[in-house]
> 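Before anything else, here's the structure in question.
Just so it is clear, the values below take in all heavy atoms, side chains as well, and ignore hydrogens, waters and symmetry mates.
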Amino acid sequence: SVDAIYSSHNIEHIYPHEVVIALKEFYRVLKDDGIVVMICHDLQSVCEAVVKDKLLEPLYETPEGHQISPIDILYGWRLPIAKGNEYMAHKGGFTYSVLSHEFTKAGFQSRYGGRSKNKWELFLVAFKQKKSEEEAKKIADPFI
């Protein structure tokens with residue numbers, strides 16, 4: 001078993017019905033005092049941009065200088081997909097309440113998270129054991 005699992009922008013690449021299966025596997029391999037650190041796109045903030053008719057307008061740039069638009073977050077990054085990397089396609093997406101609920105269904109007792117400072121992302125730190133919100137926040141802070 002492992003102390004921690006870090007997952008950044010992976011969970012949107014599996015179908016919604018597979019999410020709880022993956023999270024139950026995370027739960028299974030974690031030590032009792034283990035944690036999961038999850039980062040994924042925030043569909044709520046992305047959809048706010050779509051409502052403003054900005055589907056194709058860049059929201060941010062990657063460190064390599066590639067522009068990312070709401071359409072890339074909703075369906076997957078167009079550039080590598082166009083070059084044949086269909087694994088970059090997104091099969092699902094999350095708001096914080098949905099992501100948190102999936103962790104609950106998988107058996108995690110506590111979690112702390114929300115929108116990250118980058119408003120297009122969510123973060124969630126989950127624990128197998130029950131933690132107070134204050135304790136969970138203190139543990140999660142270095143990962144935010």
Side-chain angles (χ1 to χ4, degrees), residues 1-51 54-55 58-144:
S1 52
V2 298
D3 294 316
I5 296 172
Y6 176 76
S7 176
S8 179
H9 297 282
N10 296 305
I11 198 146
E12 58 264 34
H13 295 277
I14 60 176
Y15 290 111
H17 70 277
E18 297 172 319
V19 170
V20 74
I21 296 167
L23 295 180
K24 283 182 178 183
E25 278 300 296
F26 287 8
Y27 188 92
R28 185 184 69 79
V29 301
L30 274 179
K31 292 180 180 176
D32 286 342
D33 61 346
I35 65 171
V36 175
V37 178
M38 174 81 60
I39 299 170
C40 65
H41 285 113
D42 174 21
L43 287 188
Q44 195 169 3
S45 63
V46 171
C47 287
E48 289 168 4
V50 173
V51 167
K54 296 182 179 193
L55 182 65
L59 296 175
Y60 65 92
E61 277 191 18
T62 67
E64 298 80 24
H66 300 289
Q67 296 183 331
I68 303 297
S69 301
I71 196 168
D72 297 307
I73 295 171
L74 293 172
Y75 300 108
W77 189 14
R78 292 171 290 165
L79 180 65
I81 293 171
K83 292 180 179 180
N85 185 352
E86 294 182 8
Y87 295 107
M88 292 302 290
H90 290 173
K91 298 175 181 175
F94 300 89
T95 62
Y96 182 75
S97 63
V98 170
L99 184 62
S100 180
H101 182 69
E102 292 296 319
F103 273 87
T104 299
K105 288 189 330 190
F108 289 88
Q109 296 299 305
S110 299
R111 67 214 132 280
Y112 178 80
R115 283 186 178 168
S116 65
K117 293 172 185 147
N118 165 357
K119 76 176 248 182
W120 314 111
E121 290 180 330
L122 300 172
F123 73 92
L124 186 142
V125 180
F127 307 89
K128 287 179 82 169
Q129 298 177 344
K130 189 77 174 156
K131 306 260 185 231
S132 69
E133 185 172 345
E134 186 176 300
E135 185 181 8
K137 182 182 185 314
K138 183 178 178 183
I139 295 168
D141 273 344
F143 302 105
I144 301 170

> Taking only residues two or more places apart in sequence or in another chain, which ones pass salt bridge (charged side-chain N to carboxylate O under 4.0 Å, His left out) with Glu12?
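Checked Glu12 against salt bridge (charged side-chain N to carboxylate O under 4.0 Å, His left out); zero matches.
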> For Tyr96 and Gly113, indicate whether the former's side chain and the latter's backbone hold a donor-acceptor pair under 3.5 Å.
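At least one qualifying donor-acceptor pair exists.
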> Closest approach of Ile139 and Pro142, non-hydrogen atoms and distance?
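Minimum heavy-atom separation between Ile139 and Pro142: O-CD, 3.2 Å.
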> For a quick test of reading the model, state the closest non-hydrogen atom pair linking His13 to His90 and the distance between them.
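Of all heavy-atom pairs spanning His13 and His90, the closest is CE1-CD2, 3.3 Å.
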> Measuring from atom SG of Cys40 to atom CG of Leu124, what distance do you get when rounded to the nearest 0.5 angstrom?
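Answer for the SG-CG pair, Cys40 versus Leu124, is 8.5 Å.
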> Measuring from Ile21:CD1 to Ile14:CD1, what's the distance to the nearest 0.5 Å?
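Result: 8.0 Å between the selected atoms.
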> Mind checking what makes side-chain hydrogen bond (donor to acceptor under 3.5 Å, both in side chains) contact with Thr95, not counting sequence neighbours?
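Only Ser97 meet the side-chain hydrogen bond (donor to acceptor under 3.5 Å, both in side chains) criterion with Thr95.
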> Name every donor-acceptor pair, under 3.5 Å, that has one atom in a side chain of residues 58-71 and the other anywhere in the protein, sequence neighbours excluded.
unit_1 : atom_1 : unit_2 : atom_2 : d
Tyr60  : OH     : His41  : NE2    : 3.2
Thr62  : OG1    : Glu64  : N      : 3.3
Thr62  : OG1    : Glu64  : OE1    : 3.3
Thr62  : OG1    : Gly65  : N      : 3.4
Thr62  : OG1    : His66  : N      : 3.0
Ser69  : OG     : Leu56  : O      : 3.0
Ser69  : OG     : Glu57  : O      : 3.4

> Using the side-chain contact (heavy atoms from CB on, under 4.5 Å) criterion, which residues pair with Val20? Sequence neighbours excluded.
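Applying side-chain contact (heavy atoms from CB on, under 4.5 Å) to Val20 gives Lys24, Glu102, Lys105, Ala106.
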> Sequence neighbours left out, what passes side-chain hydrogen bond (donor to acceptor under 3.5 Å, both in side chains) with Ser110? Give chain and number order.
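Listed in chain order: nothing, the list is empty.
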> Taking side chain as C-beta onward, heavy atoms only, is Leu79 less than 4.5 Å from Asp72?
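Contact flag for Leu79/Asp72 side chains = no.
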> List in chain and number order the residues that pass side-chain hydrogen bond (donor to acceptor under 3.5 Å, both in side chains) with Asn85, two or more places apart in sequence or in another chain; answer none if no residue qualifies.
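Once residues adjacent in sequence are excluded, Asn85 has no partner under the side-chain hydrogen bond (donor to acceptor under 3.5 Å, both in side chains) criterion.
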> Using side-chain hydrogen bond (donor to acceptor under 3.5 Å, both in side chains) as the criterion, list what pairs up with Asp3, not counting sequence neighbours.
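Asp3 satisfies side-chain hydrogen bond (donor to acceptor under 3.5 Å, both in side chains) with Lys31 once adjacent residues are dropped.
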> Please name all residues satisfying ring-ring contact (aromatic ring centres under 6.0 Å, His included) with Phe26, sequence neighbours left out, ordered by chain then number.
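Testing Phe26 for ring-ring contact (aromatic ring centres under 6.0 Å, His included), a comparison that skips the adjacent residues, returns none.
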> Is there a donor-acceptor pair under 3.5 Å between the side chain of Ser116 and the backbone N or O of Glu121?
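Flag set: sc Ser116 to bb Glu121 pair under 3.5 Å.
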> First locate atom OH of Tyr112, then atom CD1 of Ile35, and finally report the distance between them rounded to the nearest 0.5 Å.
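Rounded to the nearest 0.5 Å, the OH-CD1 separation comes out at 14.0 Å.
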> To check you understand the geometry: which heavy-atom pair defines the closest contact between Val125 and Ala140, and what is its length?
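Looks like CG2-CB, 3.6 Å.
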> So which heavy atom on Leu23 is nearest to which on Met38, and how close?
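Scanning both residues, the minimum pair turns out to be CD2-CE, 4.0 Å.
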> Nearest 0.5 Å please: distance from the CH2 atom of Trp120 over to the CD1 atom of Ile73.
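Those atoms lie 7.0 Å apart.
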> Please report the closest heavy-atom contact between Ile5 and Val29, naming both atoms and the distance.
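Looking at all heavy atoms of both residues, the shortest contact is CD1-CG2, 3.8 Å.
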> Flag the pair Val36 / Arg111 as yes when at least one side-chain heavy-atom distance between them is below 4.5 Å, and no otherwise.
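No. Closest side-chain heavy atoms not under 4.5 Å.
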> For Glu25, enumerate each residue passing the salt bridge (charged side-chain N to carboxylate O under 4.0 Å, His left out) test, keeping only those at least two apart in sequence or located in another chain.
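Salt bridge (charged side-chain N to carboxylate O under 4.0 Å, His left out) list for Glu25, sorted by chain: Arg28.
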> Could you tell me the separation between the NZ atom of Lys128 and the CG atom of Asp32, rounded to the nearest 0.5 Å?
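Reported to 0.5 Å precision, the distance equals 5.0 Å.
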> Side chains of residues 43-50: which donor-acceptor partners sit under 3.5 Å, not counting sequence neighbours?
unit_1 : atom_1 : unit_2 : atom_2 : d
Ser45  : OG     : Asp42  : O      : 3.2
Ser45  : OG     : Asp42  : OD2    : 3.1
Ser45  : OG     : Lys119 : O      : 2.6

> Output all residues satisfying salt bridge (charged side-chain N to carboxylate O under 4.0 Å, His left out) with Lys91, sequence neighbours left out; order by chain, then residue number.
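Scan of Lys91 (salt bridge (charged side-chain N to carboxylate O under 4.0 Å, His left out), adjacent residues dropped) gives none.
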> Looking at residues at least two apart in the chain, or sitting in another chain, which of them share a ring-ring contact (aromatic ring centres under 6.0 Å, His included) with Phe108?
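With neighbours one apart ignored, the set is Tyr27, Phe103.
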